[in-house]
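Since this is a predicted model, take the numbers as computed values, not measurements. Side-chain atoms are counted along with the backbone in the values below, which use heavy atoms only and exclude waters and symmetry mates.
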Amino acid sequence: MKVLLAGANSYIASQLIPCLIEKGHQVICVARDKKYFTTQHNYDGIVVLNGDLLRSHSIEDFPVDIDAAFYLANRLTQTSGFAGLEALSAQNFMDALNKTHCSQLITVGDLHATSREHIEKILASGRASLTGLQTSMIVGPGSISMELFRALTENKPIVITKAWSEANIQPIYIGDLLGYLLDCLLNRSTYNRKFEIGGPQTITFKQMLLLYIATYADERPNIVTLPRLNSRLSAYLANFLSPINYPEAQSLLENLRYDSVCTEDCIKDILPRECVTFKQSLQLLHNHTEKPMSV
């Protein structure tokens, strides 16, 4: 199968590309700077196209015989100006994709993220059938969530906000997310549908933090809960996670103010899957498991 991937530098894409190659798919990556991408990544057997999605004239022609595509372009910070740039990026991508024979487009977004609805409408307007997956927190090697846990536990006592401590989350292990993405490929039962996906348990952020400490820390530090996110903590986290991952980090911190739990699980009727718990995912990562399980 010939698969095109936009957003090749994103976290999900970095985990997905090796899986696609292992499954024997032909992979075409769209990168803003082809030379830079190839020097930063050692993927064998892929094709890399130049394509700054914000500049339509820079996008090389996509192969006409593409079977499926993934749109995993990094989120931009959610101001009105950047929302417009996200829309432009999606539209330029769709204009290029509509010139191909692509049957399916797959994308991943945040659970209950109204800010992304305009992007999904653009992606659904093309010739390819859209499959949308919406996730809560993604747990995997080098993920924003793991970086956040590491940042919080670097200093003692650990400081979190009341909203964070009480927020209910349904985290998903990266191996399970990748499994869903691969199983959706050219599966007609997933065409023109949106699915909420998450792990098997709902857990508070504070409980997740305690499990992280139990897995990685030699001793349990004190946790101080603030009524709200103060400027010092916000500045520290922004500094720690910036500049490369700032949009994703900002989105994660914003989402921690609210519950992030699936309201339906109809994907299990189409793609049955035994997902791992948050504790199991931490154990897998702590044991230096390089290849995501359940893919």
Report summary line: Taking every heavy atom of Ala8 against every heavy atom of Cys29, the minimum-distance pair comes out as CB-CB, 3.8 Å
Query raised in the report: What distance do Leu210 atom CG and Lys279 atom NZ have between them, rounded to the nearest 0.5 Å?
Result: 12.0 Å
Requested in this report: Provide the closest heavy-atom pair for Met146 versus Gly140 in the form atom of the first, atom of the second, distance.
Outcome: CG-O, 3.3 Å
Query - salt bridge (Lys or Arg N to Asp or Glu O under 4.0 Å): pairs with one or both residues in residues 6-18, sequence neighbours excluded - result: none
**Report entry** Option passing side-chain contact (heavy atoms from CB on, under 4.5 Å) with Leu152 (candidates Ile213, Ile160, Val159)
**Finding:** Ile160
Requested in this report: Please step through side-chain contact (heavy atoms from CB on, under 4.5 Å) for the pair Leu185 and His25, ending with a clear verdict.
Outcome: CA-CA 11 Å; Leu185 270 174; His25 299 302; 3.9 Å; yes
Query raised in the report: Counting distance only, does the side-chain N/O of Asn98 pair as donor-acceptor with the main-chain N or O of Gly126 below 3.5 Å?
Result: no
Requested in this report: With the side chain counted from C-beta on, respond yes when Val224 and Ile158 share a heavy-atom pair under 4.5 Å apart, and no when they do not.
Outcome: no
Query raised in the report: Does anything in residues 186-196 pair up under salt bridge (Lys or Arg N to Asp or Glu O under 4.0 Å), and if so which pairs, sequence neighbours excluded?
Result: Glu120-Lys194
Query raised in the report: Can you check whether Trp164 reaches Thr161 side chain to side chain, under 4.5 Å on heavy atoms?
Result: yes
Requested in this report: Apply ring-ring contact (aromatic ring centres under 6.0 Å, His included) to Phe195 and list each qualifying residue two or more places apart in sequence or on a separate chain.
Outcome: none
Requested in this report: Determine yes or no for a side-chain-to-main-chain donor-acceptor pair under 3.5 angstrom, with Thr107 supplying the side chain and Gly132 the backbone.
Outcome: no
Query raised in the report: Who are the side-chain contact (heavy atoms from CB on, under 4.5 Å) partners of Lys121, not counting sequence neighbours?
Result: none
Query raised in the report: Does the side chain of Leu256 reach to within under 4.5 Å of the side chain of Leu148, using non-hydrogen atoms?
Result: yes
Query - By side chain to side chain donor-acceptor pair (under 3.5 Å) - contacts of Ser125 (at least two apart) - result: none
Requested in this report: Could you tell me which non-hydrogen atom of Leu53 sits nearest to which non-hydrogen atom of Ile59, and how far apart they are?
Outcome: CD2-CD1, 3.8 Å
Query raised in the report: Nearest 0.5 Å, what's the OG-CD distance between Ser10 and Gln15?
Result: 9.5 Å
Query raised in the report: Pairs in or reaching into residues 57-68: which pass salt bridge (Lys or Arg N to Asp or Glu O under 4.0 Å), with residues at least two apart or in two chains?
Result: Lys2-Asp65, Lys34-Glu60
Query raised in the report: Looking only at heavy atoms, what is the nearest atom pair of Thr204 and Ser165, with distance?
Result: CB-O, 3.5 Å
**Report entry** Partners meeting side-chain contact (heavy atoms from CB on, under 4.5 Å) with Pro227 (sequence neighbours left out)
**Finding:** none
Query raised in the report: Side chain of Asn287, backbone of Gln283: donor and acceptor closer than 3.5 Å?
Result: yes
Query raised in the report: So among Val276, Thr277, Leu282, which one has a side-chain contact (heavy atoms from CB on, under 4.5 Å) with Tyr173?
Result: Val276
Query raised in the report: Once you round to the nearest 0.5 Å, how far does OG of Ser145 lie from CD1 of Ile169?
Result: 9.5 Å
Query raised in the report: Heavy-atom distance under 4.5 Å between the side chains of Tyr258 and Leu111, does that happen here?
Result: no
Query raised in the report: Are the ring centres of Phe149 and Phe205 closer than 6.0 Å?
Result: yes
Requested in this report: Determine whether Pro221 and Pro157 make a side-chain contact, defined as any pair of heavy atoms from C-beta on separated by less than 4.5 Å.
Outcome: no
Query raised in the report: Are any non-hydrogen side-chain atoms of Leu182 and Leu16 less than 4.5 angstrom apart?
Result: yes
Requested in this report: Give, for atom OG1 of Thr38 and atom CD1 of Ile46, the distance between the pair rounded to the nearest 0.5 Å.
Outcome: 8.5 Å
Query raised in the report: Should Leu54 and Leu85 count as side-chain neighbours, where that means a heavy-atom distance under 4.5 Å?
Result: yes
Query raised in the report: Is a side-chain N or O of Gln201 found less than 3.5 angstrom from the main chain of Ile203, in a donor-acceptor match?
Result: no
Report task. Under the side chain to side chain donor-acceptor pair (under 3.5 Å) rule, collect the residues that match up with Ser129, sequence neighbours excluded. Result -> none
Report task. Quick one: which residue pairs count as a ring-ring contact (aromatic ring centres under 6.0 Å, His included) with a foot in residues 32-56, not counting sequence neighbours? Result -> Phe37-His41, His41-Tyr43
Query raised in the report: Would Val261 end up clustered with Leu211 when hydrophobic side chains under 4.5 Å apart are linked, directly or stepwise?
Result: no
Requested in this report: Grab the two heavy atoms, one from Gly199 and one from Cys275, that are nearest each other, plus how far apart they are.
Outcome: CA-CB, 4.3 Å
Query raised in the report: Step by step, would you call Leu20 with Phe70 a side-chain contact (heavy atoms from CB on, under 4.5 Å)?
Result: CA-CA 11 Å; Leu20 291 169; Phe70 290 93; 4.3 Å; yes
Report task. Go through the structure and list residues passing side chain to side chain donor-acceptor pair (under 3.5 Å) with Tyr71, not counting sequence neighbours. Result -> Ser89
Query raised in the report: Taking C-beta and beyond as the side chain, do Asn187 and Leu271 meet within less than 4.5 Å on heavy atoms?
Result: yes
**Report entry** Ile28/Phe62 under side-chain contact (heavy atoms from CB on, under 4.5 Å): CA gap, chis, key distance, verdict
**Finding:** CA-CA 9 Å; Ile28 301 98; Phe62 298 164; over 6 Å; no
**Report entry** Pairing residues for Glu166 by the side chain to side chain donor-acceptor pair (under 3.5 Å) criterion, not counting sequence neighbours
**Finding:** none
Query raised in the report: Pairs in or reaching into residues 131-140: which pass side-chain hydrogen bond (donor to acceptor under 3.5 Å, both in side chains), with residues at least two apart or in two chains?
Result: Gln104-Thr131, Thr131-Thr190, Ser136-Ser260
Query raised in the report: In Å and rounded to the nearest 0.5 Å, what is the OG1 to CD1 distance from Thr100 to Ile66?
Result: 4.5 Å
Requested in this report: To the nearest 0.5 angstrom, please state how far the CG atom of Leu181 sits from the CG atom of Asp176.
Outcome: 11.0 Å
Requested in this report: Go through the steps for Leu209 and Ile223 under the test side-chain contact (heavy atoms from CB on, under 4.5 Å), then give the verdict.
Outcome: CA-CA 10 Å; Leu209 186 58; Ile223 298 178; 4.1 Å; yes
Query raised in the report: Minimum heavy-atom separation for Ile119 to Ala87, with atom names?
Result: CD1-N, 3.5 Å
